[in-house]
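To start, the structure itself, in structure tokens.
Note that the numbering runs from 1 along the sequence shown for the chain. These numbers come from the heavy atoms of this one structure, side chains and all, not from hydrogens, waters or symmetry mates.
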Amino acid sequence: MAAADERPVEIGKRDIPLSGGRTLRVTEFGNGSIRIAVHTGSPYVITGLEQIDGGAVLRISPGREGSNAHKNWVRDHSEGDDVPS
């Protein structure tokens with residue numbers, strides 16, 4: 001077992017292309033944790049975190065307005081998605 005100060009072993013990563021030349025990178029670690037990063041874009045802030053149906057939903061938004069970042073949500077008008085992204 002790894003010591004508490006050791007970094008967990010990375011077991012995989014996946015890049016997902018986003019609009020505007022941005023990339024979402026999801027990295028999975030051997031201890032079950034994941035790391036989510038947005039590359040080539042504005043600084044992002046966490047605007048919401050919920051547990052839904054045994055999983056977790058993390059919502060991030062460009063951090064142009066500091067604590068008012070929750071007002072930066074943009075509606076995604078793709079196929080039937082009526083939830084702000």
Side-chain angles (χ1 to χ4, degrees):
M1 181 168 194
D5 59 346
E6 289 183 30
R7 184 179 177 117
V9 176
E10 182 180 306
I11 60 173
K13 74 175 68 167
R14 179 176 299 170
D15 287 343
I16 302 166
L18 302 172
S19 63
R22 298 170 301 151
T23 301
L24 179 72
R25 174 171 285 171
V26 180
T27 307
E28 181 181 8
F29 296 95
N31 66 356
S33 65
I34 59 172
R35 179 178 182 266
I36 300 169
V38 179
H39 297 281
T40 318
S42 301
Y44 281 79
V45 295
I46 297 172
T47 57
L49 178 60
E50 326 171 41
Q51 289 186 317
I52 296 178
D53 299 328
V57 175
L58 173 67
R59 188 180 307 244
I60 60 174
S61 180
R64 294 185 300 268
E65 297 181 22
S67 63
N68 289 325
H70 68 281
K71 296 177 183 175
N72 288 345
W73 293 346
V74 177
R75 282 215 184 265
D76 180 6
H77 297 286
S78 63
E79 309 171 21
D81 184 11
D82 57 344
V83 176
S85 51

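Across every non-hydrogen atom of V57 and I52, the tightest pair is CG2-CD1, 3.8 Å. Across every non-hydrogen atom of F29 and E10, the tightest pair is CD2-CA, 3.7 Å. Across every non-hydrogen atom of E28 and I34, the tightest pair is CA-CG2, 4.3 Å.
For the side chain to side chain contact (heavy atoms under 4.5 Å, CB included) test with I60, the passing option among V38, T47, V45 is V38; the others fail.
Within a 6.0 Å radius of CD1 in I46, no more than 12 heavy atoms belonging to other residues, nucleotides or ligands are found. Residue R35 places its CZ atom among 12 or fewer non-hydrogen atoms of other residues, nucleotides or ligands, all under 6.0 Å distant.
In this structure, H39 and R22 have side chains that are not in contact, with every pair of non-hydrogen atoms separated by 4.5 Å or more. With a 4.5 Å cut-off on side-chain heavy atoms, I36 and L58 count as touching.
With values rounded to the nearest 0.5 angstrom, R25 atom CZ is found 4.5 Å from K13 atom NZ.
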